[in-house]
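Numbering starts at 1 and runs along the sequence shown. We use all heavy atoms of the structure for the numbers below, so side chains are in, but hydrogens, waters and symmetry mates are not.
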Amino acid sequence: VDDAQFSGRDGLHVRDCFLMKRIADFATVNSKDSLNRVVDLFEYVNRNIDLEEQDPNLPPNTLYAAIFFGTGSAEDRAWVFASLLKQLRIDALILRPNKSPDNLDERAAARRWLVGVPLDGRVYLFDTRLGTPIPSPEDDGKSALVRKPATLSEVKEHDDLLRTLDLPDGRVYPLRSEDFSHLRVEVVGEISDWVPRMARLQKELAGEHSAVIYDPLEDRDGNEGALSRAVNAGDGLWETADVSIWPHPESATEGFESRSDEKGGNFQVKDLPFHSPFRFQVTETGLTAVPTSEHQRGRTQQLVGDYEGAIANYNNSLIEQNLDHIEQSGVYKVPEAHKFAHFVAADNATIWTAVSHLEENDPSAALNTLKKYKRRYQKTNVSGPWSDLCHALLAQILASRGDYAAALQELAEIPATAPERDGCDLLARRWQKLAGDAAGTTTAQIEPSRAPDQQRGDESSNEASSAVDEEGPVAAPKPRATQ
């Protein structure tokens with residue numbers, strides 16, 4: 001920690017901080033106040049990191065991997081959320097009960113934590129697994145998404161706020177008001193945030209080229225460190241002894257760095273599509289694949305807010321997805337790994353073009369592009385790796401337009417086993433009330449419409465959103481593990 005020499009990890013840390021700064025700035029450009037900035041960043045994380053369990057065949061996500069590949073656990077979402085907030089100089093803490101009931105199963109026990117955001121003397125609460133703030137007493141249920149988060153004090157006094165998160169079939173929310181009487185509080189960060197050598201570099205950064213790269217744990221130069229701020233944020237609700245460091249960021253980073261050869265090989269498969277489109281050259285031994293990495297550039301452009309450039313690169317991924325023309329002579333055969341990489345890149349390109357349109361506040365273009373993603377799998381019996389996110393985003397767009405029946409049908413497409421199912425059921429209940437459904441129909445009772453003509457109905461109005469439209473089903477499903 002006290003080493004004056006910069007490490008390779010420090011360099012990656014600086015890269016991540018500048019990326020988070022760019023994202024935080026453009027994702028909150030239209031936010032009205034500090035609390036709205038926090039909520040806007042939370043929604044950005046939900047749109048851009050598809051919730052999934054840790055794949056045992058892959059190394060854990062680093063911070064960069066979570067946002068770059070666009071998938072991650074609830075913990076990964078919390079890590080990204082906290083890192084974005086840090087660039088706005090807003091803290092985020094992990095709050096968990098000091099004790100758990102004896103009869104609680106391991107899965108429920110692992111879910112007994114929330115992200116707390118101290119702001120203006122209050123601590124606002126967010127659940128990254130459900131993808132929702134804890135609803136405030138002021139939440140009137142009239143917005144498509146919860147926009148008014150509850151505070152820690154409100155939750156301590158009103159257990160009914162947490163009970164709004166209970167779901168049928170025994171899915172009781174694993175936290176109660178009494179759990180917040182004694183909390184363990186964890187500071188979010190990693191070693192490079194805290195090392196003194198970063199202070200030297202931080203002093204050299206200024207203006208629009210600046211980012212928060214140094215945030216010491218201890219008080220320094222008359223300023224409160226992260227530990228003191230965490231203690232003071234509780235305003236007496238917890239003590240110094242209750243505050244520690246959240247282990248997830250360091251554990252995940254170390255797990256990635258010490259990955260086994262097998263997991264490293266699987267990660268290379270996951271990364272291969274980002275080196276596409278490949279150009280194939282004839283050599284003495286056959287075809288040699290030469291990477292162009294346009295797909296990687298497109299993803300990077302999207303993350304830094306250059307959506308026009310990103311969509312242009314994504315359109316190239318769609319154009320290049322079919323390599324059959326290379327094999328038409330019957331002399332050369334493209335390796336299956338490279339065919340698969342082109343297919344994956346096209347799949348990514350479709351969903352990320354839609355997300356780019358949402359970030360540009362163009363829901364009509366996003367809607368059309370999401371429908372195109374559905375068409376890629378329409379006539380097959382499999383779902384694409386982004387199908388759950390596709391349905392969720394479509395549902396949110398439709399709900400924001402007041403078309404709750406169609407929104408509920410999209411949510412019904414998401415399997416009961418999907419990690420985001422509980423969050424979707426909470427949205428379904430909210431939208432049913434908005435639609436005035438006095439019968440309280442559950443999403444399981446809603447039969448989705450798959451009529452091809454209906455799905456293609458309004459796409460002609462925005463073909464500029466994606467220069468290439470895939471007709472017909474894809475030849476093969478893409479395993480989720482490759483994302």
Side-chain angles (χ1 to χ4, degrees), residues 48 50 64-65 67-71 265-357 365 368-370 372-377 380 384-387 389-390 463-483:
N48 285 273
D50 192 21
Y64 184 78
I67 193 67
F68 184 80
F69 290 106
T71 61
N266 291 336
F267 181 79
Q268 288 181 337
V269 173
K270 177 179 180 177
D271 187 56
L272 186 63
F274 293 89
H275 300 282
S276 69
F278 291 92
R279 301 290 177 254
F280 294 91
Q281 298 177 349
V282 179
T283 65
E284 293 180 357
T285 58
L287 287 179
T288 298
V290 180
T292 67
S293 299
E294 287 181 9
H295 193 51
Q296 180 175 341
R297 284 192 288 275
R299 180 59 169 161
T300 304
Q301 287 170 310
Q302 179 190 348
L303 292 176
V304 300
D306 178 9
Y307 297 116
E308 182 178 356
I311 291 171
N313 269 307
Y314 289 155
N315 281 334
N316 288 339
S317 293
L318 292 168
I319 292 170
E320 299 276 359
Q321 71 172 309
N322 193 326
L323 300 176
D324 290 345
H325 62 284
I326 298 175
E327 299 181 331
Q328 285 177 353
S329 65
V331 177
Y332 301 108
K333 183 171 178 60
V334 177
E336 291 299 320
H338 293 94
K339 287 184 180 179
F340 196 64
H342 277 235
F343 175 84
V344 171
D347 222 58
N348 293 344
T350 309
I351 201 74
W352 287 339
T353 295
V355 174
S356 295
H357 288 313
N368 293 335
T369 309
L370 290 167
K372 291 173 183 178
Y373 186 85
K374 288 178 67 174
R375 293 219 305 272
R376 288 175 65 83
Y377 295 91
T380 68
W386 299 110
S387 288
L389 179 62
C390 177
E463 288 302 308
S465 68
S466 180
V468 179
D469 187 5
E470 302 75 40
E471 293 297 336
V474 294
K478 175 162 72 86
R480 195 176 190 99
T482 64
Q483 281 300 316

Enquirer: Gly298 and Asn313: which non-hydrogen atoms are nearest, and at how many Å?
Expert: CA-CB, 3.7 Å
Enquirer: Write down the atom of Ser276, the atom of Pro273, and the distance for their closest heavy-atom approach.
Expert: OG-O, 2.5 Å
Enquirer: Once you round to the nearest 0.5 Å, how far does CZ of Arg376 lie from CD1 of Ile351?
Expert: 10.5 Å
Enquirer: Do you know which two heavy atoms are closest between Tyr314 and Arg299, and how far apart they sit?
Expert: OH-CA, 3.2 Å
Enquirer: Pair Trp386, Thr350 - check side chain to side chain contact (heavy atoms under 4.5 Å, CB included), show working.
Expert: CA-CA 10 Å; Trp386 299 110; Thr350 309; over 6 Å; no
Enquirer: Can you tell me how far CZ of Phe68 sits from CG of Asp271, rounded to the nearest 0.5 angstrom?
Expert: 7.0 Å
Enquirer: Return the CG to NZ distance between Asn322 and Lys339, rounded to the nearest 0.5 Å.
Expert: 9.0 Å
Enquirer: Any chance you could measure Leu389, atom CG, to Leu370, atom CG, to the nearest 0.5 Å?
Expert: 8.0 Å
Enquirer: So Phe69 and Phe267, do their side chains get closer than 4.5 Å, heavy atoms only?
Expert: yes
Enquirer: Over all heavy atoms of both residues, which pair between Gln301 and Gly309 is shortest? Give the atoms and the distance, please.
Expert: OE1-O, 3.1 Å
Enquirer: Between Gln302 and Tyr307, what is the shortest heavy-atom contact and its length?
Expert: O-CE2, 3.4 Å
Enquirer: Can you name the residues that form a side chain to side chain contact (heavy atoms under 4.5 Å, CB included) with Ser317, not counting sequence neighbours?
Expert: His295, Ala345, Ala349
Enquirer: List the steps, then state whether side chain to side chain contact (heavy atoms under 4.5 Å, CB included) holds for Asn348 with Phe274.
Expert: CA-CA 10 Å; Asn348 293 344; Phe274 293 89; 3.9 Å; yes
Enquirer: What's the separation between atom OG1 in Thr292 and atom CZ in Phe278, rounded to the nearest 0.5 Å?
Expert: 7.5 Å
Enquirer: Looking at OG1 of Thr300 and CG of Asp306, how far apart are the two atoms once the value is rounded to the nearest 0.5 Å?
Expert: 10.5 Å
Enquirer: Just say parallel, tilted or perpendicular for the rings of Phe343 and Phe340, cut-offs at 30° and 60°.
Expert: parallel
Enquirer: Do Tyr373 and Asp347 have side-chain heavy atoms sitting under 4.5 Å apart?
Expert: yes
Enquirer: Which pair of heavy atoms, one from Val334 and one from His338, lies closest together, and at what distance?
Expert: CG1-CB, 4.1 Å
